[in-house]
Amino acid sequence: MDWSVIVEYKSYFITGFINTIMLTTVGVLVGMVIGLVLGLMNLSGKWWLRTPAKVYVDIFRGTPLLLQILFIHFAVIPTIWESMGMIPPSALFSGFVALSLNAGAYIAEIFRGGIQSVDKGQMEAARSLGMSHGQAMRYVILPQAFKRMLPPLGNEFIALLKDSSLVAIIAVYDITYAAFTTAKNTWERWAPYLVAAAMYYILTFVLSRVVFWMEGRLRTDAERSEQP
Amino acid sequence: MIRIENLTKNFGSVEVLKGINAHIREREVVSIIGPSGSGKSTFLRCMNLLEPVSGGKVIVDGHDLTDPKTNINEVRTEVGMVFQQFNLFPHKKVIENITLAPMKVRKQTKEAAEAKAMELLKKVGLADKAHVYPEQLSGGQMQRVAIARALAMNPKVILFDEPTSALDPEMIGEVLSVMKSLAQEGMTMVVVTHEMGFAREVCDRVLFMDGGVIVEEGAPEQLFKNPKHERTRAFLSKVL
């Protein structure tokens, strides 16, 4: 096994490392916005809000992410950009879009579950005090729902981190593509993939620690309120 | 204060309220009694439209709640509600539970809302609990906070939905005594309750419901001592 290829190709791995973090972070953040909107639509009493949200979630959860990436990169984005007379953006952009849209569908279900897990009496109490539905959501329901959503959101973050490797198929320079390219160019079989695996492992490990720590902080909310 | 005209309510094909007429006057304390499943809680929850009505009218302080043009949120600020399960906001401290609606709905300043909240907490005997979370309170204390929370909006009437049914027996008294002092101050109150002692002692009028209708109503002495209807007699003989 020749580890020197890693040093030789280290700029690939550094770029890949940064891109993987960016893809995952953007995916989760944009996915949370999409997920919140879809989750609220899904719980709405109006069918014309509920139906599109359900269709969206079903499509993105019912088809493989790999296929979604190909679809978005080779069909959807070129078609839209060309119709506006512009050159389609980079594969990295397609990666951002695909991961965000996909994460949005999964996070929508997390939001929906979180909101539904809050006792019905909370909404009733808030409404009985004259709050609008929106105010009750914002001040009473969502803060409680967020706490319960944190563990599944953390899991989604970790899952997305690993799934982001699929964008390598459209030649986005993430960790996986860096390893693949290095291996291909140097004929070194083991080292590039081992380094890539280690990078993913470190990232997921750190992430799971962060989630664990945040959960602990939220749990102690009540304990910190001991009378002065 | 509250006028109900020919109110009906269906859950699917089940008719829970079958045409109710009632009038709650200002400063009146009315209790609603009856066997479980008689529709008394549903009736109460229709008075602030927490339960959408199927037919009839609910007129609160001159506003017809069944009219789609009525701003229901505005009417609800005048109608407080206290729930069987308290429904305090667990993520907020006691004082924040009380100040939330006055600040967000009535747009009061934090200082004004907190001053009022402290005054109310003193009134229900819980001033020392202002900065703890609800989960650190006993059931009786939670329900007293819930009453303070309802009072913070300065409502014209308060609806109580079985306020002592979820409490351990030794905590019922503290909640009833807060309610009693509210009644003495002239608050308009509608109370769905199983506490016959409270209904008898504190209320001006008692409504007996069974099978989705008001079977009988009257002053407590009359209704408890001399019920006119067989169904009222049968119910009272079981609970008294």
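Throughout, a chain's letter reflects where its sequence line sits, starting with A, and its residues are numbered from 1. Any value given below was found using the heavy atoms of this structure, including those in side chains, with hydrogens, waters and symmetry copies removed.
- Heavy atoms from other residues, nucleotides or ligands lying under 6.0 Å from CD of A:Q116 number more than 12.
- Under a cut-off of 6.0 angstrom, the local environment of CZ in A:R148 is crowded, with over 12 non-hydrogen atoms contributed by other residues, nucleotides or ligands.
- Looking at B:R45, the atoms closer than 4.5 Å to chain A (heavy atoms on both sides) all sit in the side chain, from C-beta outward.
- Side-chain atoms of B:F83 and A:S128, non-hydrogen and from C-beta on, do get closer than 4.5 Å to each other.
- Remark: B:K180 NZ is loosely packed, at most 12 non-hydrogen atoms of other residues, nucleotides or ligands lying under 6.0 Å away.
- For B:K57, the NZ atom counts as loosely surrounded, since its 6.0 Å shell holds 12 or fewer non-hydrogen atoms of other residues, nucleotides or ligands.
- Using a 4.5 Å cut-off on side-chain heavy atoms (C-beta onward), A:D119 and B:N87 make contact.
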Residues 59-66 of chain B side chain polar contacts: donor-acceptor under 3.5 Å, at least two apart:
from  : atom 1 : to     : atom 2 : distance (Å)
B:D61 : OD2    : B:K156 : NZ     : 2.7
B:D64 : OD1    : B:T66  : N      : 3.0
B:D64 : OD1    : B:T66  : OG1    : 2.6
B:D64 : OD2    : B:T66  : OG1    : 3.3

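- Considering CE of B:M103 and OH of A:Y139, their distance stands at 9.0 Å, rounded to 0.5 Å.
- If you tally non-hydrogen atom pairs under 4.5 Å between each of B:L50, B:N48, B:L49 and chain A, the highest count goes to B:L50.
- Annotation: maximal heavy-atom pairing with chain B below 4.5 Å, among A:K120, A:M123, A:E124, occurs at A:E124.
- In the displayed structure, A:F71 atom CZ is contacted under 6.0 Å by at most 12 heavy atoms of other residues, nucleotides or ligands.
- Remark: B:K110 pairs with B:E114 by the salt bridge (charged side-chain N to carboxylate O under 4.0 Å, His left out) rule, at least two apart or across chains.
- Using a 4.5 Å heavy-atom threshold, the side chains of B:L100 and A:V140 count as touching.
- B:L159 does not touch chain A: none of its heavy atoms, backbone or side chain, sits under 4.5 Å away.
- In plain terms, the two heavy atoms of B:K104 and A:Q135 that are nearest each other are O-NE2, 3.2 Å.
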Quick one: do B:N73 and A:R127 satisfy side chain to side chain contact (heavy atoms under 4.5 Å, CB included)? Show the steps, please.
-> CA-CA 7 Å; B:N73 295 332; A:R127 297 305 303 272; 3.1 Å; yes
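- The environment of CZ in B:R27 is sparse: at most 12 heavy-atom neighbours from other residues, nucleotides or ligands sit within 6.0 Å.
- For the pair A:Q122/B:P90, a side-chain contact is recorded, criterion being any heavy-atom separation below 4.5 Å from C-beta on.
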